[in-house]
Visitor: 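If you scroll down you'll find the structure; I have some questions about it.
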Amino acid sequence: MQHIQQPLTPAEIVRELDKYIIGQREAKRMVAIALRNRWRRQQVPEHLRDEIAPKNIIMIGPTGVGKTEIARRLARLAQSPFLKIEASKFTEVGYVGRDVESMIRDLTELAVNMVRNEEMEAVKLKAEEIAEEKLLDILLPPKRRQESAEIALPEPDAMKAAQEEADQADSTREKLRKLLRKGALDDRYVEIDVPDRNSPMIEILAGSGMEEMDYNLRDMLNSMLPRRTKRRKVKIPEAREILLQEESQRLVDMDKVVKLAIERVEHSGIIFLDEIDKIAGRESGRGPDVSREGVQRDLLPIVEGSTVTTKYGMVRTDHILFIASGAFHISKPSDLIPELQGRFPIRVELQSLEKEDFIRILKEPDNALIVQYQCLLATEDVHIDFSDEAIEEIAEIAFHVNARTENIGARRLHTIMEKLLSEVSFNAPDLKGQKIPITRDYVRETLIEIVKDEDLSRYIL
């Protein structure tokens, strides 16, 4: 099953990733191959498809070098359901913590929402037509029928009068329709029935391994209880939006949505397992790490391929792509249990970021940090202009602080930029129309004390 009309080639995938992520060429190439292999698998003879396992990946590298961003952008390119989750959140069945199967349930929920939104978009025009008619009915209620005795056998004159009245009502309705579409009635209030959101939430069970029973019981009880509504007086634009949502949901076939969502999870779902190094390591048999190997053994059937029960039905995990990542400072990939190692055939090491990488991160990507801050402050009619020397100085400071304290990669740039522009951001409403140059001297004057004092830079940057 393929969701991209024209599947991207590995080179095109890398070019797309280059727009947002600096460096890490090897990692980009590997994930591009893994994504392309999904499309290739769909083209092979059917009897071979189930035999071809996904090429799961382990990304090894320090924090802040782009591991999560690569996985997230890859999922967007593939229009795939994507879930990021920390492996350390899970615990072995029997211990307090999340059950590993919950990530498949979460991924399925995301896919259902994704497909539902697509289907609602597809029926939007039809829903808008119906919502408009309902709104006109509220503004100009259809005349109640007269008593059956009065209309049993109408006289010709009565029929003529009734026809004239109907024509007049149609004419009024069309005038109202034109006013409605022009926005001339936007300040008028109407009364509509909306679902009552204040009905109490039903909490049944909690705890490890009980989420699915909780979902099912909650759904069952909610379906048994009558749907409560309340009457609200709202302005016409809000009424139109409420009616549009209601009609869109009525027009969407939820059985079809669930079927498509499960297919999408099974054939193109991506799960990003962060901090997998935290569950690596063999057992000492006791102590706080007692469930590490247990978590790995619980993860194994999900990664190998099994069937998980969700509130929407059974979901097979055989062809979900798993991208694991970790710093692996203390442990190493070979500390994972052998069976799990075998299910991650692609290993790629991401490089630590240098000063030149920081300069490129600040300037080059489509969502570059400097562009973000310029756009934010432009909303206050304040224009900030960074000189090349200032950008170089920011990169130098980020690299220097990372080397002296904890290396948090590109995330260091966020903390430095916030500190650097805090004064301008605070006073922006009073600086309307001004152009503020950010020079190397400005950067040094603002940050020099913090950079000099290692204790301060630990806490502030």
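Please read all numbers here as calculations on a predicted model, not as lab measurements.
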Visitor: Scan residues 51-62 for pairs that pass salt bridge (Lys or Arg N to Asp or Glu O under 4.0 Å), counting only residues two or more places apart or in two chains.
Guide: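 Applying salt bridge (Lys or Arg N to Asp or Glu O under 4.0 Å) to every pair that reaches into residues 51-62, excluding sequence neighbours, yields nothing.
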Visitor: Partners of K28 by salt bridge (charged side-chain N to carboxylate O under 4.0 Å, His left out), sequence neighbours excluded?
Guide: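 Partners of K28 under the salt bridge (charged side-chain N to carboxylate O under 4.0 Å, His left out) test: D18.
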Visitor: Walk me through it: do E132 and R181 pass the test salt bridge (Lys or Arg N to Asp or Glu O under 4.0 Å)?
Guide: CA-CA 9 Å; E132 186 180 78; R181 288 179 179 175; 2.9 Å; yes
Visitor: Is a side-chain donor-acceptor pair under 3.5 Å present for N402 with R412?
Guide: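 A donor-acceptor contact under 3.5 Å links the two side chains.
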Visitor: Show the numbers, then the answer: is there a salt bridge (Lys or Arg N to Asp or Glu O under 4.0 Å) between E238 and K235?
Guide: CA-CA 6 Å; E238 189 182 347; K235 282 191 173 180; over 6 Å; no
Visitor: Check salt bridge (charged side-chain N to carboxylate O under 4.0 Å, His left out) between E392 and all other residues, then give those that pass, not counting sequence neighbours.
Guide: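 Salt bridge (charged side-chain N to carboxylate O under 4.0 Å, His left out) list for E392, sorted by chain: K355, R440.
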Visitor: Just checking, any donor-acceptor pair under 3.5 angstrom between side chains of E418 and Y373?
Guide: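 A pair is found: one side chain offers a donor N or O, the other an acceptor, under 3.5 Å apart.
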Visitor: Can you name the closest pair of heavy atoms from V123 and S248 and give their distance?
Guide: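 Scanning both residues, the minimum pair turns out to be CG2-O, 4.0 Å.
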Visitor: Is it true that K134 and E247 make a salt bridge, defined as a side-chain N closer than 4.0 Å to a carboxylate O?
Guide: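 Looking at K134 and E247, the cut-off is met.
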Visitor: Can you see whether R36 engages T9 through a side-chain donor-acceptor pair at a distance of less than 3.5 angstrom?
Guide: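 There is no such pair between these side chains.
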Visitor: Less than 4.0 angstrom from a charged side-chain N to a carboxylate O is my criterion; do E86 and K89 meet it?
Guide: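 Yes, charged N to carboxylate O under 4.0 Å.
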Visitor: Supply the atom-to-atom distance F82 CZ to R72 CZ, rounded to the nearest 0.5 angstrom.
Guide: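 Those atoms lie 5.5 Å apart.
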Visitor: May I ask you to say whether E174 pairs ionically with R177, meaning some side-chain N is under 4.0 Å from a carboxylate O?
Guide: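 Yes, this pair counts.
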Visitor: To check you understand the geometry: which heavy-atom pair defines the closest contact between P345 and N56, and what is its length?
Guide: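 Here P345 and N56 meet closest at CD-O, 3.3 Å.
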Visitor: Where do K67 and D274 land on the salt bridge (Lys or Arg N to Asp or Glu O under 4.0 Å) test, with the steps shown first?
Guide: CA-CA 9 Å; K67 301 188 295 291; D274 203 4; 5.6 Å; no
Visitor: Between the side chains of R41 and H319, does any donor sit under 3.5 Å from an acceptor?
Guide: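 Yes, a side-chain donor-acceptor pair sits under 3.5 Å.
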Visitor: In plain terms, say whether R264 and E118 are close enough for a salt bridge, that is, a side-chain N and a carboxylate O under 4.0 Å apart.
Guide: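 A salt bridge is present here (some side-chain N lies under 4.0 Å from a carboxylate O).
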Visitor: Between R73 and E16, does a salt bridge (Lys or Arg N to Asp or Glu O under 4.0 Å) hold up when you go through it step by step?
Guide: CA-CA 9 Å; R73 295 286 171 186; E16 286 298 315; over 6 Å; no
